[in-house]
Every structure is written in structure tokens, then in C-alpha cells.
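Order of listing sets the numbers, starting from 1, for every ligand and every atom in it.
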Amino acid sequence: MAEETIFSKIINREIPADIVYEDDHALAFKDINPQAPVHLLIIPKQPIATINDIDDETAATVGHLYVVASKIAAEQGFAEDGYRCVMNCNEHGGQTVYHIHLHLLAGKPLGWPPYTDNKKQG
Ligand code: AMP
């Protein structure tokens with residue numbers, strides 16, 4: 001399970017965030033460094049550190065993040081235009097916060113492939 005992270009502090013309202021959605025199992029808020037006109041992070045309230053930690057018990061909790069993504073897309077009006085959901089895993093995946101989170105990016109046509117080389121690796 002995940003250590004205390006900045007995202008558990010957001011869940012516990014110990015630090016502020018621009019929260020756009022909340023239910024019993026998930027929270028969604030605006031990314032502090034947006035990479036698209038809409039860039040939200042959807043996180044489980046249950047702390048799970050990485051994709052590698054997802055198991056049969058937590059699978060439904062993680063699947064629920066996609067239900068939240070589609071609800072937000074419908075509510076905010078970009079479901080039909082489309083959007084992208086991304087979850088990074090560990091260093092090579094570009095993960096920096098070790099409480100899993102689904103990036104929801106929308107609001108313009110998004111390029112593909114999405115990656116650039118990680119600057120830290122030169
Ligand atoms: P990742 O690199 O996939 O682990 O994504 C972490 C994301 O969290 C990055 O896009 C950051 O901009 C974002 N982030 C970090 N701290 C905060 C914060 N306090 N509030 C909102 N987003 C944050």
C-alpha cells in the first residue's frame with residue numbers, strides 16, 4: 001500500500017486542491033501543471049502506490065476511476081469529442097506521485113505518440 005503522499009493530503013483536506021468530483025471511493029481535481037485545456041487527476045481514496053500494486057481486491061476500485069472519467073466527460077461536455085486517460089507507472093512511466101492517479105486530458109486534439117524522453121535520463 002502507498003505511503004502518505006501529497007494526494008492523501010488532498011483527500012484529507014490537509015492541502016488545497018481544485019476538486020471537481022468526489023464520491024465514496026474517488027476524488028478528481030485539477031492538475032496543478034496542466035498539459036491540456038482540461039487536465040484532471042482522478043484518484044482512489046484507498047491508497048494504492050502503483051499499477052503494480054493493483055490486485056483482485058482493488059481492481060474494482062481502480063475500474064471505478066474510469067467510471068468517474070466518463071461521468072466527468074459527460075458532465076463537462078467533451079465525451080463525444082473525446083479525451084485521453086493515462087496512468088503512469090514507476091520511473092520509466094514518468095510516475096512522480098506514488099498514489100495511483102488517472103490523468104484525464106481533454107479540450108483539444110491530443111498528439112500521438114504522447115511521450116517525450118524523460119529529461120532526467122538525458
Ligand atoms: P505523475 O507524473 O503521473 O505521477 O503525475 C503526477 C501529477 O500530479 C503531475 O501531473 C503533477 O502536475 C500533479 N500534481 C502534483 N502535485 C499536485 C497538487 N498539489 N495538486 C494538483 N496536481 C498536482
Side-chain angles (χ1 to χ4, degrees):
M1 283 297 148
E3 302 289 317
E4 171 95 346
T5 65
I6 197 154
F7 290 172
S8 38
K9 291 188 175 142
I10 287 174
I11 293 167
N12 296 329
R13 306 307 203 265
E14 291 165 23
I15 61 166
D18 198 341
I19 294 169
V20 300
Y21 177 91
E22 181 168 22
D23 64 27
D24 288 347
H25 303 291
L27 192 70
F29 50 93
K30 292 184 182 175
D31 195 294
I32 206 167
N33 183 23
Q35 302 299 312
V38 177
H39 186 173
L40 304 175
L41 300 174
I42 307 172
I43 67 172
K45 288 188 173 174
Q46 179 178 357
I48 302 165
T50 80
I51 294 173
N52 294 334
D53 300 300
I54 299 169
D55 57 19
D56 288 341
E57 273 183 29
T58 51
T61 301
V62 178
H64 179 65
L65 303 180
Y66 286 90
V67 176
V68 173
S70 99
K71 268 188 194 171
I72 291 172
E75 280 169 15
Q76 297 199 5
F78 55 78
E80 295 309 315
D81 282 344
Y83 55 97
R84 182 172 295 157
C85 291
V86 179
M87 191 178 283
N88 298 324
C89 182
N90 279 342
E91 187 181 350
H92 284 194
Q95 184 173 8
T96 57
V97 181
Y98 284 79
H99 179 129
I100 59 166
H101 45 283
L102 194 61
H103 293 261
L104 191 167
L105 300 137
K108 67 173 186 181
L110 300 164
W112 190 267
Y115 53 82
T116 54
D117 285 341
N118 186 333
K119 281 187 191 136
K120 276 189 292 186
Q121 295 167 22

In short, side-chain hydrogen bond (donor to acceptor under 3.5 Å, both in side chains) pairs touching residues 77-89 with sequence neighbours left out are none
Note to self: Can you confirm if the aromatic rings of His101 and His103 lie within a centre distance of less than 6.0 Å?
What the structure shows: yes
What are the atom names and distances for all N or O pairs under 3.5 Å between ligand 1 and the protein?
unit_1, atom_1, unit_2, atom_2, d
ligand 1, 2 (O), Gly94, O, 2.8
ligand 1, 2 (O), Thr96, N, 3.4
ligand 1, 2 (O), Thr96, OG1, 3.0
ligand 1, 3 (O), Asn88, ND2, 2.8
ligand 1, 3 (O), His101, NE2, 2.9
ligand 1, 3 (O), His103, NE2, 2.8
ligand 1, 4 (O), Thr96, N, 2.7
ligand 1, 4 (O), Thr96, OG1, 3.2
ligand 1, 4 (O), Val97, N, 3.1
ligand 1, 4 (O), His101, NE2, 2.9
ligand 1, 5 (O), His101, NE2, 3.0
ligand 1, 5 (O), His103, NE2, 3.2
ligand 1, 10 (O), Asp31, OD1, 3.3
ligand 1, 10 (O), Asp31, OD2, 2.5
ligand 1, 12 (O), Asp31, OD1, 2.5
ligand 1, 22 (N), Ile32, N, 3.1

- [ ] Step through the shown structure and confirm whether more than 12 heavy atoms of other residues, nucleotides or ligands are within 6.0 Å of NZ on Lys45.
- [x] yes
Nearest heavy-atom approach of Ala26 to Leu65 is CB-CD2, 4.1 Å
From the list Leu105, Val86, Leu110, side-chain contact (heavy atoms from CB on, under 4.5 Å) with Gln35 holds only for Leu105
Paired with Thr58, the side-chain contact (heavy atoms from CB on, under 4.5 Å) test is passed by just one of Asp53, Ile48, Ile100, namely Ile48
